[in-house]
Peer 1: 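I am attaching a structure below and will ask some questions about it afterwards.
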Amino acid sequence: MGKNMLKFQVVLTSCVFALVGLSSASAVGTPPPPPAYVDGTLALTFDTGTCPITAPCASLNYALSQITSGGSVIILKAGHFGPVVLNTKVSISGTEPNVDVDIIADSTATVVGCVGQAPAATCGGIGNTGYAAVIAAGATDKVQIGHVLMSTGPNGTGALNFTSGGQVQIGNATFRGNGSATGPIILLAPNNAGGAQAQVYFSNSDVGFNNGLAADGGAIHVAPIGTTSLKLHFNHVEVHNASYGIKTDGTALTTPSAVVATFISECEFFSFNNAAVNALSTSGTGTVNAAFDTTRILNAAVALKANGPQSFVILTNNTVSGNTIGLQILGGAGVLTSVNNTITGNGPTNNQNVVIVSGTLNSAPLQ
């Protein structure tokens, strides 16, 4: 037998043993709980049983009651649901982008959906807060949401409120305001027990239409509380038509060692009465680190705003044009910008329009 054939047999045998080992490990592991399935076109009389794929139930709230922590809900067909409180590890997903899965805020609703319990007035002590969904999970819990629409509704407060949890992952989702709300469409304000770090990741999503008269009728307010550091990544997100775009705010943190770190990449911002992006801090509160890479900003009162002595902003490969102010630095903030940013065509003189009230603007060469 040749050496190459012998080597092949050894490799093949090793692969077989590896597969057997994986199979054995899978056999002794605990399988995930079965999903609950929802068909929103059905009448509520179908809210019975455990919602298997062969007999889906009709409402999201009932489906949540049929799963336990770590379970998942898969929405097969369109429907209007909510509001919900997600106070443990859970996954909610529509099946495809063109299925209209709408979780709607309704301040008049008398019950909320909750994992593992029938729809009730409260879920873990949290009732209807006026948001379509409240994430109030444990400090190590992961909440995953995909292919859904969350809307403020005609009389709601906002679409999503994140108050506690370990990790939040949201993809292919749409978030809408109602044009008159006095708060943001999305509020990310975790306050975890013991100050445990929170992580949030948004991808391929759309947030907009909250252009009310209120100054705080913005799109996304990032404002962790106490000693809870928050790490946030927005990737391929469209943010538009609101009082402001993304406000990264460290003023509710009680120590500079607590950090709000945001990374905004491949995102687009359009049409804001105030700042499209804002890194806000005050002395003695939290530190704000914000990096903007390959963003495009148009039609804002201020495109890029760094405000406060503990705000540190990095700009690279951004295109900023058609705004009243392109870049504004105040309150002692620091901005580091690379030479590949295009900030031009802003302000009444149609130039770069960088306004430094108080702070620093440092240029860095490309690495």
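Atom set for the values below is all heavy atoms of this structure, side chains included, hydrogens, waters and symmetry mates excluded.
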Peer 1: Going by side-chain hydrogen bond (donor to acceptor under 3.5 Å, both in side chains), Thr295 matches just one of Asn317, Asn318, Thr319, Thr316. Which one?
Peer 2: Asn318

Peer 1: Do the side chains of Ile92 and Phe81 join up, straight or via other hydrophobic residues, at under 4.5 Å, putting them in one cluster?
Peer 2: yes

Peer 1: Give the intermediate values and the outcome of side chain to side chain contact (heavy atoms under 4.5 Å, CB included) for residues Phe202 and Ile220.
Peer 2: CA-CA 12 Å; Phe202 277 74; Ile220 305 158; over 6 Å; no

Peer 1: So which heavy atom on Gly326 is nearest to which on Ala303, and how close?
Peer 2: O-CB, 3.2 Å

Peer 1: Kindly indicate whether the side chain of Asn155, heavy atoms from C-beta on, has any atom under 4.5 Å from the side chain of Thr108.
Peer 2: yes

Peer 1: Any side-chain heavy atom of Thr157 within less than 4.5 Å of one from Thr129?
Peer 2: no

Peer 1: Atom OG1 in Thr324, atom CG in Asn273: separation rounded to 0.5 Å?
Peer 2: 10.0 Å

Peer 1: In terms of hydrophobic clustering (I, L, V, M, F, W, Y; side-chain heavy atoms under 4.5 Å; direct or indirect links), are Ile103 and Tyr131 co-clustered?
Peer 2: no

Peer 1: Enumerate the side-chain hydrogen bond (donor to acceptor under 3.5 Å, both in side chains) contacts for residues 35-58, please, sequence neighbours excluded, ordered by first and then second residue.
Peer 2: Asp39-Thr41, Asp47-Ser59

Peer 1: Does Asn128 use its side chain to pair, donor to acceptor, with the backbone of Ala109 at less than 3.5 Å?
Peer 2: yes

Peer 1: Could you state whether Phe175 and Val222 fall into the same hydrophobic cluster, counting links through intermediate Ile, Leu, Val, Met, Phe, Trp or Tyr residues with side-chain heavy atoms under 4.5 angstrom apart?
Peer 2: yes

Peer 1: What is the distance from atom NZ of Lys142 to atom NZ of Lys89, rounded to the nearest 0.5 Å?
Peer 2: 7.0 Å

Peer 1: Compare every heavy atom of Ala242 with every heavy atom of Gly218, then report the nearest pair and how far apart it is.
Peer 2: C-CB, 3.8 Å

Peer 1: For residues Phe234 and Phe269, establish whether the separation of their ring centroids is below 6.0 Å.
Peer 2: no

Peer 1: For a side chain to side chain contact (heavy atoms under 4.5 Å, CB included) check, start with the C-alpha distance between Phe162 and Val200, then their side-chain angles and the critical distance, and finish with the verdict.
Peer 2: CA-CA 9 Å; Phe162 173 39; Val200 177; 3.6 Å; yes

Peer 1: Give the minimum heavy-atom separation between Gly158 and Ala105, together with the two atoms involved.
Peer 2: O-CB, 3.5 Å

Peer 1: Picking from Asp206, Asn210, Thr152, what satisfies side-chain hydrogen bond (donor to acceptor under 3.5 Å, both in side chains) with Arg176?
Peer 2: Asp206

Peer 1: Is there a side-chain contact between Ser93 and Gln144, using heavy atoms and a 4.5 Å cut-off?
Peer 2: no

Peer 1: When you measure from the side chain of Thr294 to the backbone of Glu266, do you find a donor-acceptor pair of N or O atoms at a distance under 3.5 Å?
Peer 2: no

Peer 1: Would you say Tyr62's side chain and Gly49's backbone share a donor-acceptor pair under 3.5 angstrom?
Peer 2: yes

Peer 1: Can any side-chain N or O of Ser164 pair as donor or acceptor with the backbone N or O of Pro190 at less than 3.5 Å?
Peer 2: no

Peer 1: Are Val237 and Leu232 connected into the same hydrophobic cluster when the rule is that any two of I, L, V, M, F, W, Y join if their side-chain heavy atoms are below 4.5 Å apart?
Peer 2: yes

Peer 1: Check step by step if side chain to side chain contact (heavy atoms under 4.5 Å, CB included) holds for Ile264 and Val277.
Peer 2: CA-CA 10 Å; Ile264 313 297; Val277 295; 5.7 Å; no

Peer 1: Without swapping roles, check the side chain of Ser321 against the backbone of Thr344 for a donor-acceptor pair under 3.5 Å.
Peer 2: yes

Peer 1: Find out whether Asn346 and Val320 are in side-chain contact, i.e. whether some heavy atom of one side chain is under 4.5 Å from a heavy atom of the other.
Peer 2: yes

Peer 1: Hydrogens and angles aside, do Asn235 and Ser265 bring a side-chain donor and acceptor to less than 3.5 Å of each other?
Peer 2: yes

Peer 1: Taking all atoms of both residues into account, what is the closest heavy-atom pair of Ser257 and Ser229, and its distance?
Peer 2: O-OG, 4.1 Å

Peer 1: Judged by atom type as modelled, is there a donor-acceptor pair below 3.5 Å linking the side chain of Thr287 to the main-chain atoms of Pro256?
Peer 2: yes

Peer 1: Do the side chain of Ser151 and the main chain of Ile104 share a donor and acceptor less than 3.5 angstrom apart?
Peer 2: no

Peer 1: Decide yes or no for Val38 and Pro56: does some side-chain heavy atom of the first lie under 4.5 Å from some side-chain heavy atom of the second?
Peer 2: no

Peer 1: To the nearest 0.5 Å, what is the distance between OH on Tyr244 and NE2 on His221?
Peer 2: 5.0 Å

Peer 1: Strictly by modelled atom types, are Asn204 and Asn172 linked by a side-chain donor-acceptor pair under 3.5 Å?
Peer 2: no

Peer 1: So, do Phe209 and His240 have ring centers that fall under 6.0 Å from each other?
Peer 2: yes

Peer 1: Val355: which other cluster members, linking ILVMFWY side chains closer than 4.5 Å, directly or transitively?
Peer 2: Val302, Ile325, Leu330, Val357

Peer 1: Quick check for you: to the nearest 0.5 Å, what is the distance between Asn289 atom CG and Phe312 atom CZ?
Peer 2: 7.0 Å

Peer 1: Minimum heavy-atom separation for Ala63 and Ala36, please, with both atom names.
Peer 2: O-CB, 3.8 Å

Peer 1: Once rounded to the nearest 0.5 Å, what's the spacing between atom CG of Asn87 and atom CD1 of Ile135?
Peer 2: 11.0 Å

Peer 1: If Ile, Leu, Val, Met, Phe, Trp and Tyr residues are connected whenever their side-chain heavy atoms lie under 4.5 Å apart, and connections chain through other members, are Val85 and Val168 in the same group?
Peer 2: no

Peer 1: Which pair of non-hydrogen atoms, one from Ala58 and one from Leu44, has the smallest distance, and what is that distance?
Peer 2: CB-CA, 4.0 Å

Peer 1: Is the shortest heavy-atom distance from the side chain of Phe272 to the side chain of Val239 under 4.5 Å?
Peer 2: yes

Peer 1: So, does Ser69 use its side chain to make a donor-acceptor pair with the main chain of Thr88 at under 3.5 Å?
Peer 2: no

Peer 1: Consider side-chain contact (heavy atoms from CB on, under 4.5 Å). Of Thr163, Leu230, Asn191, which one does Ile225 pass it with?
Peer 2: Asn191

Peer 1: Using only heavy-atom distances, determine whether the side chains of Ser311 and Ser281 contain a donor-acceptor pair under 3.5 Å.
Peer 2: yes

Peer 1: Begin from the C-alpha positions of Val335 and Ile356 and carry the test side chain to side chain contact (heavy atoms under 4.5 Å, CB included) through to its verdict.
Peer 2: CA-CA 10 Å; Val335 175; Ile356 303 176; over 6 Å; no

Peer 1: Quick one: which of Thr174, Ile246, Ile185 gives a side-chain contact (heavy atoms from CB on, under 4.5 Å) with Val207?
Peer 2: Ile185

Peer 1: Side chains of Val260 and Asp249: closer than 4.5 Å at any heavy-atom pair?
Peer 2: no

Peer 1: Any donor-acceptor pair under 3.5 Å linking the side chain of Gln117 with the backbone of Thr122?
Peer 2: yes

Peer 1: In Å and rounded to the nearest 0.5 Å, what is the CG to SG distance from Leu42 to Cys57?
Peer 2: 8.5 Å

Peer 1: Using modelled atom types only, decide if a donor and an acceptor are shared between the side chain of Gln310 and the backbone of Gly284 within a distance under 3.5 Å.
Peer 2: yes

Peer 1: I want to check something: taking the side chain as every heavy atom from C-beta on, are Met150 and Ile145 in contact at a cut-off of under 4.5 Å?
Peer 2: yes

